[in-house]
Amino acid sequence: MELAPSESPAPLSVESVRALNLSGRDFLKELDFTPFELTSLLDLSSSLKIARSTKSEPQFLAGKNLAAIFEKTSTRTRIAFDVAMSEQGGSTTFLDASSSQIGHKESPADTARVLERLFDAIEYRGTEQSVVEEIAEYSHVPVYNGLTNQWHPTQMLADFLTMREHASDPDQLSFCFVGDARFNMANSLLTMGALMGADIRLVAPDSLWPSNDIVHTAESIAATTGAKILLTSDLEQGVSGVEFVHTDIWVSMGEPDDQWAQRIELLRDYQVTGSLMNMAGNNAKFMHCLPAYHDSTTLVGARVAREFNMPNGVEVTHEVFESNANIAFDQAENRMHTIKAILVATLA
Ligand code: CP
Ligand code: NVA
């Protein structure tokens, strides 16, 4: 994405990065950082993004290495960690369940105690949050959550950087999440939105809302940050006036395939269509962590179109996905700039 010429990078030096006081910290969930620390990470992301585009990026991670564990598949998160480490002068070793002992022959605790001997940091993507928490408990190096069923914190830095870049007022973000609101993306958007003082609406049938624990935590944070939280099943009420409309796939990685029928029955009316976008604010933007089922060019997209008579996309229509409102590819690019910021802030 082009950056406005008026945006000038904050000075980037080892001293300025260390002054953030984030050295050695884990990033397992949004709540690991204060609003001030999250804002500092977003500012650092912007500075690194501008430095990269002006070919003036300093390397803070020469000689550092990252172990990146992917028990679930990934395109964006994997390439973001890889490119960020490499551009910062470091290196990445990828591990997965099929080509290593992780998961089936060796526990998270034992894996962590091996990896910390050889690596400066560990990234983990998998199913349960308890696994990434165990890796963090048993290692003395920073551990980053690259997605679990409960949280997707590195995605949040990218989403908030992207909203800041496109918002009419970066300090007054308003967004809705429409779709399966009881999984990682909605949990994370609700919690991060509460920490960042945003106007947040989760729009879904009430059987697909986040757990009471997560909602209560977000509400208590909102009381201190000024965030506004609305959970509703009413599309018009949830979407009206927001600047950003988020969605996610309706059946997430690791969920059984037989969930599709029930999920489509619950969510068919919550597809992001042109008329839903028109309910949002003028010039509202569409956001999606990706991958998205918006046509029949993927195996799942084609199957759902055929079996459930959804010829024009699942969670979002092809028309909205291909429109100028779609900023999901800026969001995807920002995965790299924001993951680079977390690596630099915790390892430099
Ligand atoms: N958004 C996201 O996490 O993408 P990947 O699954 O491709 O990493
Ligand atoms: N909810 C999705 C997010 C993908 C980035 C999943 O867990 O599959």
Side-chain angles (χ1 to χ4, degrees), residues 27-30 45 66 68-85 92 94-97 123-129 131-132 144-163 177-192 202-204 208-211 214 244 246-260 263-264 266-267 270-272 286-294 298-301 304 314-316 321 326-340 342-343:
F27 191 27
L28 309 181
K29 56 189 184 312
E30 294 74 13
S45 307
L66 169 75
I69 306 169
F70 282 87
E71 290 195 316
K72 285 179 175 172
T73 52
S74 168
T75 296
R76 277 145 291 272
T77 311
R78 183 184 166 105
I79 60 173
F81 273 103
D82 197 9
V83 171
M85 277 306 277
T92 308
F94 290 98
L95 297 132
D96 61 44
E123 178 277 349
Y124 173 82
R125 166 175 285 203
T127 301
E128 291 308 323
Q129 182 71 12
V131 175
V132 75
Y144 318 115
N145 176 356
L147 176 146
T148 58
N149 288 358
Q150 287 80 17
W151 307 110
H152 199 359
T154 63
Q155 179 77 46
M156 287 308 106
L157 293 177
D159 288 15
F160 277 73
L161 180 64
T162 311
M163 287 193 281
F177 174 91
V178 185
D180 175 14
R182 40 104 257 158
F183 218 70
N184 44 26
M185 278 302 297
N187 291 343
S188 282
L189 281 166
L190 174 61
T191 306
M192 181 78 172
L202 298 187
V203 192
L208 295 180
W209 288 357
S211 70
I214 290 176
F244 301 95
H246 290 251
T247 191
D248 183 17
I249 52 174
W250 288 351
V251 175
S252 286
M253 284 185 281
E255 291 201 273
D257 224 35
D258 63 13
Q259 290 296 301
W260 272 108
R263 212 56 64 68
I264 285 178
L266 285 168
L267 288 173
Y270 293 82
Q271 185 185 46
V272 179
F286 170 74
M287 298 184 69
H288 195 309
C289 57
L290 302 178
Y293 297 130
H294 60 93
T298 62
L299 285 176
V300 176
V304 172
V314 184
E315 71 273 13
V316 55
F321 194 83
N326 183 5
I327 57 170
F329 295 104
D330 289 344
Q331 207 181 338
E333 177 191 329
N334 282 338
R335 296 300 310 284
M336 199 286 288
H337 303 300
T338 47
I339 279 175
K340 188 183 279 176
I342 188 86
L343 290 166

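Being a predicted model, the structure only gives us computed values, none of them experimental. Order of appearance sets the numbers: ligands from 1, and atoms from 1 within every ligand. For the single chain, residues carry numbers from 1 onward in sequence order.
In this pair, Phe321 and His294 present their aromatic rings parallel. The plane angle is below 30°, not in the 30 to 60° band.
Looking at residues two or more places apart in sequence or on another chain, you find a side-chain hydrogen bond (donor to acceptor under 3.5 Å, both in side chains) between Asn149 and Lys72. Ser45 meets the side-chain hydrogen bond (donor to acceptor under 3.5 Å, both in side chains) test with no other residue; sequence neighbours excluded.
Minimum heavy-atom separation, Ser188 to Glu30: OG-OE2, 2.7 Å.
At least one side-chain heavy atom of Thr77 sits less than 4.5 Å from a side-chain heavy atom of His152. Put simply, the side chain of Gln150 does not reach to within 4.5 Å of the side chain of Lys29, judged on heavy atoms.
Residues Asn145 and Gln129 bring a donor and an acceptor atom of their side chains to less than 3.5 Å of each other.
No close placement of the Phe244 and Phe177 rings is indicated, their centers lying 6.0 Å or farther apart.
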What are the polar N/O contacts of ligand 2 with the protein below 3.5 Å, with distances?
| unit_1 | atom_1 | unit_2 | atom_2 | d |
| --- | --- | --- | --- | --- |
| ligand 2 | 1 (N) | Asn184 | OD1 | 2.8 |
| ligand 2 | 1 (N) | Asp248 | OD2 | 2.6 |
| ligand 2 | 1 (N) | Ser252 | OG | 2.7 |
| ligand 2 | 7 (O) | Asn184 | ND2 | 2.9 |
| ligand 2 | 8 (O) | Met253 | N | 2.8 |

For ligand 1, which of its N or O atoms have a protein N or O partner closer than 3.5 Å, and how long is each gap?
| unit_1 | atom_1 | unit_2 | atom_2 | d |
| --- | --- | --- | --- | --- |
| ligand 1 | 1 (N) | Gln155 | OE1 | 2.9 |
| ligand 1 | 1 (N) | Cys289 | O | 2.8 |
| ligand 1 | 1 (N) | Leu290 | O | 3.0 |
| ligand 1 | 1 (N) | Arg335 | NH1 | 3.4 |
| ligand 1 | 3 (O) | Thr77 | OG1 | 3.1 |
| ligand 1 | 3 (O) | Arg125 | NH2 | 2.9 |
| ligand 1 | 3 (O) | His152 | NE2 | 2.9 |
| ligand 1 | 3 (O) | Arg335 | NH1 | 3.1 |
| ligand 1 | 4 (O) | Arg76 | NE | 2.9 |
| ligand 1 | 4 (O) | Leu290 | O | 3.4 |
| ligand 1 | 6 (O) | Arg125 | NH1 | 2.9 |
| ligand 1 | 7 (O) | Thr75 | N | 2.7 |
| ligand 1 | 7 (O) | Arg76 | N | 2.9 |
| ligand 1 | 7 (O) | Arg76 | NE | 3.2 |
| ligand 1 | 7 (O) | Arg76 | NH2 | 3.0 |
| ligand 1 | 8 (O) | Ser74 | OG | 2.7 |
| ligand 1 | 8 (O) | Arg76 | N | 3.4 |
| ligand 1 | 8 (O) | Thr77 | N | 2.9 |
| ligand 1 | 8 (O) | Thr77 | OG1 | 2.7 |
| ligand 1 | 8 (O) | Arg125 | NH1 | 3.4 |
| ligand 1 | 8 (O) | Arg125 | NH2 | 3.1 |

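Note: Leu189 CG to Phe160 CZ = 6.0 Å, rounded to the nearest 0.5 Å.
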